[in-house]
J.: 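One structure is given below, represented as structure tokens, and several questions about it will come after.
As the structure is a prediction and not an experimental result, all values here were calculated from the model. Any value given below was found using the heavy atoms of this structure, including those in side chains, with hydrogens, waters and symmetry copies removed. Below, read A as the first sequence line, B as the second, and so on, with proteins coming before strands; counting in each chain starts at 1.
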There are 2 protein chains.
Amino acid sequence: MATDGRLARMLHVLVHMGLLGGKETSERIALMLSTNPVVVRRTLGALRDHGIVASEGGRGGGWKLIKSLDQVTVLDVQRALTKGPILHVPISRDHPSCPVEWASNRVLEQAHAAAESYLVRSYAATTLAQIAKDATVKASVTT
Amino acid sequence: MATDGRLARMLHVLVHMGLLGGKETSERIALMLSTNPVVVRRTLGALRDHGIVASEGGRGGGWKLIKSLDQVTVLDVQRALTKGPILHVPISRDHPSCPVEWASNRVLEQAHAAAESYLVRSYAATTLAQIAKDATVKASVTT
DNA sequence: AATAGTGTAACCGAAACGGTTACGCTGAGC
DNA sequence: GCTCAGCGTAACCGTTTCGGTTACACTATT
């Protein structure tokens, strides 16, 4: 299924990490996201497995970005969080041999495949650096 | 949220009803969908409230299409089943005043809005009659 | 009156996500 | 070498959503 709150939360925290530039503990990140450290470790763990962040154990440990903001796209984060399609295609599989079911499914599959491909292209075209830039612009305007 | 199995199932059953042309009981429809009559009434009830089918109680009652297949689009069925957007946009609302969260959300919102609008256009452009035609072509090829 | 239908409420079960607790492992600093 | 701050992970719970099921009221035809 689509990443539910995780993609947005990870974008948020990765951009912060990129802007701050240093190392952050799960504890501090949990505060940023209004959640708790275990959830942070679970989610960042997936990003570590995809080479986006690194973790260090022991005293003084924590998490850091191991790519620069312009080397990470939204799609990279999405792919790290969940395998498979972003959109969940709502198909029925009650009567695989029924041509009416087949035709109904095909319409839905094709529409969703096109929407999915659009989303993937959007995600791939957006880097964390662009989000960071938007955020600093927004912040300066607001201030 | 997106209609989970209901949209596909309703397309399936509406096309069958259109092709058969008569009245169907919840019981028979439940058999078509491998489910049970209560689920059928729940779901078809939403379509009735949107003027797509009509129901009659009492002996000899049942459900019938009150529009022809070419007057009903996939979007009509979707709208009858669930209000609001088809796609669920996965944004975070932990820190509404944080510009980084705002910028992350904005990227996701824009990408999903475009994908949603694509889906809506696809759904609106497809009538049940087209599904019926695809199904009969498929059936004749297979046969 | 009997019967074949819809209409609806109430409850259960499965799946997914997030929150929480608990405990093990690791490494820096004293 | 001990302590303690940190990650790693398993286990469990609560919530939500959808589908399945039972139960019962209502209605219209025969």
J.: Looking at B/N105 and B/S92, would you say the former's side chain and the latter's main chain have a donor-acceptor pair under 3.5 Å?
T.: yes
J.: So what does A/R9 hit on the nucleic acid, given a heavy-atom distance under 4.0 Å: a base, only sugar-phosphate, or nothing?
T.: sugar-phosphate
J.: What nucleotide among C/dG7, D/dG8, D/dT21 has an atom nearest to a side-chain atom of A/R48?
T.: D/dG8
J.: Using a 4.0 Å heavy-atom cut-off, does A/G60 contact any base of the nucleic acid, only the sugar-phosphate backbone, or nothing at all?
T.: nothing
J.: Is the distance from OP1 or OP2 of D/dG8 to the nearest side-chain N or O of A/S55 less than 4.0 Å?
T.: yes
J.: If the condition is side chain to side chain contact (heavy atoms under 4.5 Å, CB included), which residues does B/K133 pass it with, not counting sequence neighbours?
T.: none
J.: Please give, in whole Å, the distance from D/dG6 P to A/R28 CZ?
T.: 10 Å
J.: Using only side-chain N and O atoms of A/R42, determine if any of them is under 4.0 Å from OP1 or OP2 of D/dG8.
T.: no
J.: Determine whether a donor-acceptor pair (N or O, by modelled atom type, separation under 3.5 Å) exists between the side chain of B/Q71 and the backbone of B/S68.
T.: yes
J.: Counting just side-chain N and O atoms, does B/R41 come under 4.0 Å of either OP1 or OP2 of C/dG7?
T.: no
J.: Counting only side-chain N and O atoms of A/N36, is one of them less than 4.0 Å from OP1 or OP2 of C/dG19?
T.: no
J.: Test A/Y123 against every option in A/T73, A/D76, A/V74 by the side-chain contact (heavy atoms from CB on, under 4.5 Å) rule and name the one that passes.
T.: A/V74
J.: Quickly work out the A/I29 CD1 to C/dG18 C1' distance and round it to whole Å.
T.: 17 Å
J.: Measure from the side-chain heavy atoms of A/T25 and tell me the nearest of D/dG20, D/dG6, C/dT20.
T.: D/dG6
J.: List, with names and distances, any nitrogen or oxygen atoms from the protein found under 3.5 Å away from nitrogen or oxygen atoms belonging to nucleotides 26-28 of chain D.
T.:
residue	atom	partner	partner atom	Å
D/dT27	O2	B/G58	N	3.3
D/dA28	N3	B/R59	N	3.4

J.: Report yes if at least one side-chain N or O of B/T35 is closer than 4.0 Å to OP1 or OP2 of D/dG19; otherwise report no.
T.: no
J.: Provide, to the nearest angstrom, the distance between the CD atom belonging to A/E24 and the P atom belonging to D/dA5.
T.: 18 Å
J.: Taking the basic N atoms (NZ, or NE/NH1/NH2) and the acidic carboxylate oxygens, is any pair closer than 4.0 Å for A/R9 and B/E101?
T.: no
J.: Whole Å only: how far is the CZ atom of A/R6 from the P atom of C/dG19?
T.: 12 Å
J.: Could you check how far CG of B/L44 sits from P of D/dG19, rounded to whole Å?
T.: 13 Å
J.: Rounding to an integer number of Å, can you tell me how far B/L7 CG sits from D/dT17 P?
T.: 19 Å
J.: Check the side chains of B/S26 and B/W63 for a donor-acceptor pair under 3.5 angstrom, ignoring hydrogens and angles.
T.: yes
J.: Mark yes or no for whether A/E116, through its side chain, and A/I86, through its backbone, hold a donor-acceptor pair below 3.5 Å.
T.: yes
J.: Using whole Å, report how far CG of A/L47 lies from C1' of D/dG8.
T.: 15 Å
J.: D/dC7 P sits how many Å from A/D49 CG, rounded?
T.: 15 Å
